[in-house]
Amino acid sequence: MARVLKVAAAAAAAAGAVGLFSRFQTPVSKVRTFSTSQSSLQVAGPVWNLGRLNHIAVAVPDLEKAKAFYKNILGAQISEVVPLPEHGVSVVFVNLGNTKMELLHPLGNDSPIAGFLQKNKAGGMHHICIEVDDINAAVMDLKEKNIRSLSEETKIGAHGKPVIFLHPKDCGGILVELEQA
């Protein structure tokens with residue numbers, strides 16, 4: 001008899017948990033509906049579209065050591081070193097299959113990466129790069145929305161395509177690079 005009561009109590013508890021769980025379902029779907037309609041109000045008829053994550057950039061104090069780690073230890077495919085004097089960096093791309101990691105190293109004393117590495121001696125994540133289908137439309141739209149960029153105009157990035165960096169204070173503390181897809 002005690003065993004039957006324990007089984008019945010367990011079944012009731014399970015039924016109560018299911019009932020409790022189903023009660024939590026309703027507010028979640030209402031929140032999702034609200035946030036979806038909210039975002040559609042803010043971006044009615046966009047003239048540009050956000051695309052895929054192109055890369056995550058990591059500043060490294062020793063480019064050769066970082067290259068060796070990703071190639072020899074992790075077995076990743078890596079690019080040759082690409083100097084980008086107009087950006088003050090040398091870069092190496094680590095192919096991750098669905099995206100890339102960009103290893104950044106200062107090129108010259110005026111490099112923004114040199115300043116980053118002075119504050120972060122071991123290196124660290126510097127920025128993310130997201131593709132857009134129309135970078136000029138994106139830049140104009142974001143300016144209208146009071147999102148600052150770090151330069152007035154796009155520059156040619158490491159992939160030979162126009163890029164622009166958005167101010168981290170306007171992007172949740174993240175330096176965001178937009179790149180023409």
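Bear in mind the structure is a predicted one, so any value in this text is a computation, not a measurement.
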Engineer: Under a 4.5 Å cut-off applied to non-hydrogen side-chain atoms, are Asn72 and Tyr70 in contact?
Structural biologist: no
Engineer: Any sub-3.5 Å donor-acceptor pair from His87's side-chain atoms to Val89's backbone N or O?
Structural biologist: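 Flag not set: sc His87 to bb Val89 has no pair under 3.5 Å.
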Engineer: Using 0.5 Å steps for rounding, measure from the NZ atom of Lys67 to the NZ atom of Lys65.
Structural biologist: 15.0 Å
Engineer: If you take all heavy atoms of Gln180 and Ile135, which pair is closest and at what distance?
Structural biologist: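 Shortest heavy-atom contact: OE1-N, 2.8 Å.
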Engineer: Give the cluster check for Val163 versus Val176: same hydrophobic cluster or not, with ILVMFWY residues linked at side-chain heavy-atom distances below 4.5 Å.
Structural biologist: no
Engineer: Drop me the distance from Phe116's CZ to Lys121's NZ, to the nearest 0.5 angstrom.
Structural biologist: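 Phe116 CZ to Lys121 NZ: 12.0 Å, rounded to 0.5 Å.
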Engineer: Check whether any side-chain heavy atom of Val82 sits under 4.5 Å from a side-chain heavy atom of Val92, and report yes or no.
Structural biologist: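 Val82 does not reach Val92 side chain to side chain.
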Engineer: Take Asn95 and Ile78 through the side chain to side chain contact (heavy atoms under 4.5 Å, CB included) test and state the conclusion after the steps.
Structural biologist: CA-CA 6 Å; Asn95 186 350; Ile78 62 168; over 6 Å; no
Engineer: Could you tell me which non-hydrogen atom of Ala181 sits nearest to which non-hydrogen atom of Lys161, and how far apart they are?
Structural biologist: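 Answer, listing the atom of Ala181 first, then Lys161: C-NZ, 3.7 Å.
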Engineer: Does Trp48 reach the side chain of Asp141, with side-chain heavy atoms less than 4.5 Å apart?
Structural biologist: yes
Engineer: How about CE on Met140, more than 12 heavy atoms from neighbouring residues, nucleotides or ligands closer than 6.0 Å, or not?
Structural biologist: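 Open: at most 12 neighbouring heavy atoms sit under 6.0 Å from CE of Met140.
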Engineer: Please find the pair of heavy atoms, one from Ala59 and one from Ile113, that lie closest to each other, and give the distance.
Structural biologist: CB-CG2, 3.9 Å
Engineer: Would Ile56 and Thr99 count as a side chain to side chain contact (heavy atoms under 4.5 Å, CB included) if you check the C-alpha gap in whole Å, the side-chain angles of each, and the deciding distance to 0.1 Å?
Structural biologist: CA-CA 8 Å; Ile56 296 173; Thr99 192; 5.9 Å; no
Engineer: Could you give the distance from CZ (Arg52) to SG (Cys129), rounded to the nearest 0.5 Å?
Structural biologist: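 Arg52 atom CZ to Cys129 atom SG measures 9.0 Å (nearest 0.5 Å).
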Engineer: To the closest 0.5 Å, what do you measure between OG (Ser90) and NE2 (His105)?
Structural biologist: 7.0 Å
Engineer: Are the side chains of Val139 and Asn136 in touch, meaning some heavy atoms are under 4.5 Å apart?
Structural biologist: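 They are not in side-chain contact.
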Engineer: Quick one, Lys169 and Arg148 - any side-chain contact, counting heavy atoms below 4.5 Å?
Structural biologist: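 They are in side-chain contact.
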Engineer: Do the non-hydrogen side-chain atoms of Met101 and Phe93 ever get within less than 4.5 Å of each other?
Structural biologist: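 They are not in side-chain contact.
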Engineer: Determine the minimum heavy-atom distance between Glu86 and Ile156, stating which atoms define it.
Structural biologist: OE2-O, 3.9 Å
Engineer: Working to the nearest 0.5 Å, report the span between CG of Asp134 and CG of Leu178.
Structural biologist: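 That separation rounds to 11.5 Å.
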Engineer: Between Glu177 and His55, do the side chains contain an N or O donor and an N or O acceptor separated by less than 3.5 Å?
Structural biologist: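 Judged by distance alone, the side chains do pair up.
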Engineer: If you look at every heavy atom in Asn146 and Asp170, which pair is closest and at what distance?
Structural biologist: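 Closest approach of Asn146 to Asp170: O-OD2, 3.8 Å.
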Engineer: Would you say Val132 and Ile174 are hydrophobically clustered, going by side-chain heavy atoms of ILVMFWY under 4.5 Å?
Structural biologist: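 Linked within one cluster.
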Engineer: For Leu175, which of Ile128, Leu166, Leu150 qualifies under side-chain contact (heavy atoms from CB on, under 4.5 Å)?
Structural biologist: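 Option passing the side-chain contact (heavy atoms from CB on, under 4.5 Å) with Leu175: Leu150.
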Engineer: Looking at every non-hydrogen atom in both residues, tell me the closest pair between Pro61 and Ala122 and how far apart they are.
Structural biologist: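 Smallest heavy-atom distance, with atoms named: CD-O, 3.6 Å.
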Engineer: Atom CD of Glu179 and atom OG1 of Thr154: how far apart are they, to the nearest 0.5 Å?
Structural biologist: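 It comes to 11.0 Å.
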Engineer: Answer yes if Leu104 and Phe165 sit in the same cluster of Ile, Leu, Val, Met, Phe, Trp and Tyr residues linked by side chain heavy atoms under 4.5 Å apart, and no otherwise.
Structural biologist: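 In one cluster with Leu104: Phe165, no.
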Engineer: Grouping I, L, V, M, F, W and Y whenever their side-chain heavy atoms are under 4.5 Å apart, do Val58 and Leu117 come out in a common cluster?
Structural biologist: no
Engineer: When you compare the side chain of Leu84 with that of Val91, does any pair of heavy atoms fall below 4.5 Å?
Structural biologist: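 Yes - at least one pair of side-chain heavy atoms lies under 4.5 Å apart.
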Engineer: Flag the pair His127 / Glu102 as yes when at least one side-chain heavy-atom distance between them is below 4.5 Å, and no otherwise.
Structural biologist: yes
